[in-house]
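Below is one structure, written out as C-alpha cells, with a few remarks after it.
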Amino acid sequence: MTSKLELINAALLLLGDKASITLGSDASSNFKSVEILYDLFYPTILAERMWLFAMKASVINYIPGALKIKGWKYAYGLPEDYLLISHLQPDRPYEIFGVNLYTSLSPNSEDLPTLFYTHKVSEGQLPAYFVAYLVQRLAALFAMKITNDMQIAQIWGQSSEQKLREAIALDRQSQTTQQIKSNLMLEAHYGDSFRDGYTL
C-alpha cells in the first residue's frame, strides 16, 4: 500500500532531503507548498493518458434540467471521479461541456449509456510501475521549490520520461491486443457480446 505522504517523502529523498515530513496543519510552509503541488498535479498526471489500471466503467445519469447545447438532445452527468474519457457505449457522438456529457442517445433507450474513463485512483491502489514513474515525476515538480536548482529539475524530468516509457510498456501488458475477427455466423448466434467482449 502506498500513501500520499509516502509518495511525497520518496520524491523528496530523491532530491536529497532526508527528513520525513508531515502533511496538513503540522507541515512547514515549504512542505505545505509541496502538498499543494501534489494535490494539483496528481490527477493531471493520471489524466495524461489512458492508463489501463485507472480505467473504470460507469452508467451515467440523464440530467433533464441541464443547460441546452445546440446540436445535442440529451445531457448526462459525468462521474465525480472522472478525469479522462475513453469511450461511450453504445457508441455515439458526444461532446463534454463542464460536468456534463452531451449526446443524441436517448435516456429511454434500452441500452444504458455507459462511460469508460480514467478515474482518480487512490494512492493505495497504484501499481508499482506507476509509483516508480510518479515519484520521479514529483521530484522534477518539487525540485525548484526544494533545491532552487533548475539543473536538478531537468535531471529528474529527463529521468521521469524514461520511467514513463517503462510504465507505459508494463501497463500495456495487461491488455489483450489480438481481437477475434468479425464472424457473421457467430455474431448472429451470440449477438453483440461476441464482437465486443471476446478477445484472444
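What you see is a predicted model, and the numbers here were worked out from it, not measured in a lab.
- A salt bridge is absent between K120 and E80: the closest approach of a Lys/Arg side-chain nitrogen to an acidic carboxylate oxygen does not fall below 4.0 angstrom.
- Here Y102 and F97 bring their ring centres to under 6.0 angstrom of each other.
- The two residues W156 and A139 come nearest to each other via the heavy atoms CG-CB, 4.1 Å.
- By the 4.5 Å heavy-atom criterion applied to side chains, L37 and L138 are not counted as neighbours.
- Summarising the geometry of Y117 relative to L115, their closest heavy-atom pair is CD2-O, 3.4 Å, with the distance given to 0.1 Å.
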Please walk me through it: do Q162 and E166 pass side chain to side chain donor-acceptor pair (under 3.5 Å)? CA-CA 6 Å; Q162 175 60 35; E166 294 173 6; 3.2 Å; yes

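- The residues E48 and R137 are annotated as salt-bridged, a charged nitrogen and a carboxylate oxygen being separated by less than 4.0 angstrom.
- The two atoms that bring H119 and A54 nearest to each other are ND1-O, 2.8 Å, heavy atoms only.
- Ring geometry, Y129 versus W51: the interplanar angle falls from 30° to 60°, so the pair is classed tilted.
- Between S160 atom OG and R165 atom CZ the span is 9.5 Å, to the nearest 0.5 Å.
- Taken from CG in L164 to OH in Y133, the straight-line distance is 4.5 Å, to the nearest 0.5 Å.
- A heavy-atom distance below 4.5 Å is found between the side chains of P90 and L105.
- At distances below 3.5 Å, at least one donor-acceptor pair connects side-chain atoms of T147 with backbone N or O atoms of A143.
- Rounded to the nearest 0.5 angstrom, N61 CG and L112 CG are separated by 9.5 Å.
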Please evaluate residues E123 and T2 with respect to the criterion side chain to side chain donor-acceptor pair (under 3.5 Å), reporting the C-alpha separation (whole Å), side-chain torsions for both, the decisive distance (0.1 Å), and the verdict. CA-CA 6 Å; E123 288 85 350; T2 304; over 6 Å; no

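- Once rounded to the nearest 0.5 Å, the distance linking OG1 of T44 with CG of L83 reads 8.5 Å.
- Residues F53 and F130 bring their aromatic ring centres within 6.0 Å.
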Pair S122-Q125, side chain to side chain donor-acceptor pair (under 3.5 Å): steps then yes or no: CA-CA 6 Å; S122 67; Q125 296 177 322; 3.3 Å; yes

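- Taking CG of L52 as the start and CD1 of I168 as the end, the distance is 11.0 Å to the nearest 0.5 Å.
- With rounding to the nearest 0.5 angstrom, the CZ atom of F142 is 5.0 Å from the CD1 atom of I8.
- Closest approach of L46 and T118 over heavy atoms only: O-CG2, 3.7 Å.
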